[in-house]
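Numbers here are sequence positions counted from 1. Small disclaimer: the values here were computed from a predicted structure and weren't measured. Start at 1 and go down the list; that is how both ligands and their atoms are numbered. Computed from heavy atoms alone, side chains included, the values below leave out hydrogens, waters and symmetry copies.
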Amino acid sequence: MKVHRQSQSIIVSGESGAGKTENTKFILRYLTESYGSGQDIDERIVEANPLLEAFGNAKTVRNNNSSRFGKFVEIHFDAKNVVVGGFVSHYLLEKSRICVQGQEERNYHIFYRLSAGAPEDIRKKFHLGSPANFHYLNRGCTSYFSTKETEGSIPQNRKSPQHLKHGSLKDPLLDDLCDYKRMCSAMQRIGLNESEKLDLFRVVAGVLHLGNIHFEETGSSSGCGLTLSSEQCLECCAELLGLDQEDLCESLTCRVMQTSSGGSKGTVIKVPLKKEQAINARDALAKAVYSRLFDHVVHRVNCCFPFESSSMFIGVLDIAGFEYFEHNSFEQFCINYCNEKLQQFFNERILKEEQELYQKEGLGVNEVKYVDNQDCIDLIEAKTFGILDVLDEENKLPQASDQHFTATVHRKHDKHFRISIPRKSKLTVHRNLRDDEGFLIHHFAGAVCYETSHFVEKNNDALHMSLECLVSLSLDPFVKRLFKNDNKRNSKQKAGKLGFISLGNKFKAQLNELLDKLKSTGAGFIRCVKPNLKMCSKQFEGSQILSQLQCSGMVSVLDLMQGGFPSRAPFHELYNMYKMYMPDSLVRLDPRLFCKTLFKALGLNEKDYKFGMTKVFFRPGKFAEFDRLMKSDPEHLSELVERVKHWLICNRWRKAQACSLCVIKLKNKILYRATACVTVQKFIRMFLCRKKYKHRIEGLLKVSGLRRQLGQMNEVVGTLKEGRVEMSKKVTNLEATLDSLNMKIKVISPAVLVYSLTSAVIFHVSAGCESEVNRRLGRAWGVMDSLDNGVWRCRYLCGRTKVRVFRSLVLPVLLYGCETWTLTKYLR
Ligand SMILES: Nc1ncnc2c1ncn2[C@@H]1O[C@H](COP(=O)(O)OP(=O)(O)OP(=O)(O)O)[C@@H](O)[C@H]1O
C-alpha cells in the first residue's frame with residue numbers, strides 16, 4: 001500500500017480449521033501494532049475479535065473455534081500511513097446452528113460462556129443454568145471448554161451431566177470461563193458500557209428460553225397450545241425480550257390472516273398453527289432475534305473505531321472455504337458459490353492478469369493453463385435461469401416446494417455439464433436421493449451433492465407478519481431497535497402472506513459488492529492448509545494437503561511461479577526508492593538503466609530477475625534480497641557505488657565494441673531490397689538545413705568522426721522506406737521520444753523507430769558543450785536501453801534480423817557521439 005499508493009486486500013482462505021481466523025488475527029495485530037497511532041483505536045480493532053468470536057464462532061467437528069460467518073475487516077490509514085479506524089463487513093451467519101447442532105458440535109460460544117462465566121446475579125436475573133437445561137443446546141455437545149485451573153472454578157450446578165461424566169473439552173486456545181472474562185474486558189475496552197453488555201446477554205438468554213417453549217396438540221381443534229412446563233419459559237422469554245406474554249404465546253401458535261376477496265375482504269382472522277408449524281415459528285423467531293443481535297454486535301463494533309476520512313485501507317477477508325459434507329444444504333451451496341467467485345478472482349488476478357502482464361512486458365514465460373469457472377458462476381447467479389433466481393421464483397409461488405424447485409433446476413439445465421442428478425454421485429448416500437431431492441454441482445474444487453429440502457424456507461429471510469409485529473413493537477427498547485427497519489416494512493406487508501426477502505440474492509448482492517471492492521484494490525492471497533483432520537499439531541497428511549492445494553488452484557499457481565516472477569516494480573519506483581543511496585552521476589541515469597546497472601553491479605543472478613518493458617520482475621524472495629543489499633551499511637554501499645560505476649563504464653565499452661563489429665558484419669550481410677530509400681545522410685542533411693542546429697551538428701560530426709561511420713551506415717539503412725518515415729515527428733527531447741516510442745511502436749514502422757532514436761541522440765549529444773555532452777551521454781545510453789525494449793517489441797513486428805539492424809544503426813551514433821577517453825579512463 002505504501003509503495004503502490006493503492007488500497008490492498010488480503011484474501012485468507014482454506015478449509016474449516018485450516019487457520020484463517022488465527023492468521024487474520026496475526027495480520028490485524030501486525031498492522032495495528034506497526035502502523036497504529038498509539039491510541040486506543042489500535043487496541044480496539046484487535047479487541048473486536050473476542051467479541052465477534054463469542055457471538056459468531058462455535059465448536060464444530062472440524063474446528064473447536066469455527067467462524068460461522070465470513071468477515072472482511074478493513075483497516076483504514078491516513079495519508080501518512082497511520083491507522084485511523086476500521087470497518088467490519090460480515091457475511092452469512094449460519095442461522096440453523098442457533099436451533100440445532102450436530103451431536104458433537106455446539107451452539108455459538110456465547111451461550112456456554114455466559115452459562116459458565118456469568119456472575120451469580122446475572123445468572124439469576126436471566127434464569128440461566130446448565131446448557132443441558134436448554135433445548136437449543138442440549139441436542140448437541142453440552143460440555144464446556146476448560147483447563148485444569150479453571151475447571152474447579154465453574155460451579156457444579158452450571159455443568160451438564162455430559163460435562164460431569166466425560167470431563168471438559170480441551171483446546172489450548174479455548175476456555176469458556178476465561179473467555180467470558182476476556183470477552184467482558186474486550187467489551188469494556190472497545191467502549192461498551194455495562195447496560196449495553198447486559199442488553200446483549202439478556203437477548204441471548206431470551207433466545208435460550210424461547211427454545212424451551214414446547215407445543216402440544218390441543219385435541220379440540222387443529223391448532224396447538226403450549227405444554228404445561230413451557231409456561232415458565234414463556235414468562236422468562238417474554239420478560240427478557242420485553243414482549244407481552246399472551247401476545248408471544250398467540251403469535252407462536254396462531255397466524256394472523258387477512259381475507260383478500262369476497263364480502264369479508266380485509267377482515268383479520270386468526271388461523272391456529274399445527275404443532276410442527278408452531279415449532280417452525282418459534283425457531284424462525286429465535287433465528288431472527290439472534291441474527292439481528294449479531295448484526296447489532298458487528299454494528300456496535302464498527303462504532304468503536306470510527307474514522308472521518310481515510311486515504312487507503314488494507315482489508316482482510318476471512319471467509320469459509322469450499323465445503324463438502326455428506327449432507328450439504330443451502331448454507332454449503334452459498335459458501336461454495338462464494339468460493340467459486342473468489343476462485344475466479346484469484347484466477348483472474350494471479351493467473352490471467354499475471355500471464356497477460358508477462359506477455360505485455362515481453363518476459364517470454366510459458367503459458368500456464370487453468371480452468372475458467374465462469375460457467376459454474378453463471379449456473380448459479382445468471383438472471384432468470386440461474387439457480388438463485390429459480391429459487392426466488394419458487395419462493396414467490398403460492399404453493400412453493402423444494403421438490404418443484406429441484407425439478408425446475410434440472411429441467412432448465414438438463415444439458416449443463418456442471419449440474420446433474422444425485423444418482424450420478426460417486427457416494428451411495430447421494431445416489432439414494434430422488435431426482436427432485438437434490439442436485440450435484442461440479443465445482444472447480446470437486447463435485448458436491450446438495451440436498452434441497454429446506455432450500456425454499458432457508459432462502460426466505462422474512463418472518464411471518466405476526467412475529468415481526470410482535471418483536472418490532474417490543475417494550476424493550478433494545479429489542480425494538482434490533483427490528484427497527486422491519487417495523488416500516490410491516491406496514492406495507494399484506495397480512496397473512498409471508499413476506500419474502502431473498503437470502504440468496506441478498507448474499508449475491510453482498511458478494512458482488514465485495515468483489516468490486518477487491519477488484520479495486522491490489523490483492524494478496526493467503527491459502528491456509530489444514531495438515532490433518534485430527535486437530536493435532538505436527539502431523540501432516542500428504543494426500544489431504546495435496547487435495548487442498550489442488551482445490552484452491554495452487555497447483556496452477558505453483559506452475560506459474562516456477563516459470564514466473566511474482567514480485568515486480570516499475571523502473572521509476574525502484575529508481576525513487578534507491579536513488580538516495582547513489583551519487584549524482586548515477587542518479588542522472590534513466591530509471592531503467594539505473595536499475596539495470598544496479599543489478600549487474602550487485603552481481604544478481606540473471607535467472608532471478610527479468611527486465612520487462614516498464615518493470616523489473618523478480619523470482620520469489622529475490623526482491624527482498626536485493627533490498628537488503630541496497631540498504632546495507634554505508635561502507636558497503638560506497639564499495640557498491642564504485643562497482644556500479646565500473647560496471648557501467650565497462651558495459652558501455654563492451655556495447656560500443658560489439659556494435660562496431662555488428663555494423664561491419666551487417667554491412668556485408670544485408671541485401672538492399674527497398675526501392676525508395678531514405679538514408680541517414682538524407683535526414684542528417686535535413687537537420688543541417690535548420691540553422692538552429694547546423695553548427696552544433698557539424699561540429700559534432702567533425703569531432704566524432706561520425707561522418708565516416710555514416711558512410712558505412714548508408715549501406716545498412718537500405719531497408720528504410722521513405723514513405724513510412726514520418727519527418728513531421730520532430731523530436732524535441734529525449735523523454736518525449738521514449739514516450740512516443742512506447743505509445744506508438746505498434747502503429748509506426750520500425751523505420752520511424754530508428755529515425756526517432758537516431759535523431760534524438762543527435763539532438764541531445766549535440767545540444768551543449770563537452771561536459772553537457774558527457775552528461776547527456778548518460779541519457780543517451782538510456783536510449784540504448786530503451787532501444788533494447790524496442791528491439792524486443794520489434795521482434796514481433798519484423799523478426800530478429802531487422803532488430804539487429806536497428807541496434808547497429810543507433811549504436812555507432814552513440815559511440816562516436818561520445819569522447820572515447822572518458823570511457824577508457826575508467827577502464828584503466
Ligand atoms: N498459526 C496458528 N498457531 C497456532 N494454532 C493455530 C494456528 N492456526 C490455526 N491454529 C489452530 O487451528 C484452529 C483452527 O484455526 P482457525 O479457527 O483459524 O481456522 P479457520 O480456518 O478460521 O476455520 P473456520 O473456517 O472453521 O473458522 C485454531 O483454533 C488453532 O487451534
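- For the pair Ala18 and ligand 1, a heavy-atom separation below 4.0 Å is found.
- Side-chain contact check for Asn512 and Lys341: at least one donor-acceptor pair (N or O, by modelled atom type) lies under 3.5 Å.
- Not close to ligand 1: Lys530, with no non-hydrogen atom less than 4.0 angstrom away.
- In this structure, Asn64 does not count as a contact residue of ligand 1, since none of its heavy atoms falls inside 4.0 Å of the ligand.
- No more than 12 heavy atoms of other residues, nucleotides or ligands shown are found within 6.0 angstrom of NZ on Lys352.
- Side-chain polar atoms of Asp295 and His90 form a donor-acceptor pair below 3.5 angstrom.
- Protein heavy atom in closest approach to atom 22 (O) of ligand 1: Thr21 OG1, 2.6 Å.
- Atoms of ligand 1 lying under 4.0 Å from any heavy atom of Asn65, numbered from 1 in the order shown and given with element: 17 (O).
- Of the polar atoms of Leu173, none of the N or O atoms is found under 3.5 Å from an N or O of ligand 1, judged by distance alone.
- The closest protein non-hydrogen atom to atom 19 (O) of ligand 1 is Gly19 N, 3.1 Å.
- Between Arg68 and ligand 1, a contact under 3.5 Å exists for no N or O pair.
- The presence of a protein heavy atom under 4.0 Å from atom 11 (C) of ligand 1 is ruled out.
- Within the 4.0 Å heavy-atom criterion, the part of Glu15 lying near ligand 1 is the backbone and not the side chain.
- When heavy-atom distances to ligand 1 are checked against a 4.0 Å cut-off, Asn63 comes that close only through its side chain, counted from C-beta outward.
- There is no protein heavy atom closer than 4.0 angstrom to atom 3 (N) of ligand 1.
- Here the closest non-hydrogen pair linking Leu164 and Gln156 is CD2-NE2, 3.4 Å.
- The protein heavy-atom contact nearest to atom 27 (O) of ligand 1 is Ser67 N, 2.7 Å.
- Between Asn23 and ligand 1, not a single N/O pair is under 3.5 Å apart.
- In this model, no donor atom of one side chain and acceptor atom of the other lie less than 3.5 Å apart for Ser160 and Ser130.
- Around the NZ atom of Lys170, the shell of radius 6.0 Å holds more than 12 heavy atoms that belong to other residues, nucleotides or ligands.
- Nearest protein neighbour of atom 25 (O) of ligand 1, counting heavy atoms only, is Lys20 NZ, 2.6 Å.
- Relative ring orientation between Phe333 and Tyr450 is described as perpendicular, the plane-to-plane angle rising above 60° on a 0-90° scale split at 30° and 60°.
- Considering both main-chain and side-chain atoms, Glu22 comes within under 3.5 Å of ligand 1 through a nitrogen or oxygen pair.
- Between Lys95 and Glu331 there is no salt bridge, since none of the side-chain N atoms of the basic residue sits less than 4.0 Å from a carboxylate O of the acidic one.
- Aromatic ring orientation, Tyr180 versus Phe201: tilted (interplanar angle from 30° to 60°).
- More than 12 heavy atoms of other residues, nucleotides or ligands sit less than 6.0 Å from atom CZ of Phe307.
- The nearest pair of heavy atoms linking Asn23 to Cys528 is ND2-SG, 3.8 Å.
- Residue contact check: Ser66 has heavy atoms under 4.0 Å from atoms 24 (P), 26 (O), 27 (O) of ligand 1.
- Ring geometry for Tyr337 versus Phe507: interplanar angle over 60°, hence perpendicular rather than tilted (30 to 60°).
- Regarding atom 23 (O) of ligand 1, its nearest protein heavy-atom neighbour is Gly17 N, 2.7 Å.
- Ranking protein heavy atoms by distance to atom 1 (N) of ligand 1, first place goes to Phe26 CE1, 3.4 Å.
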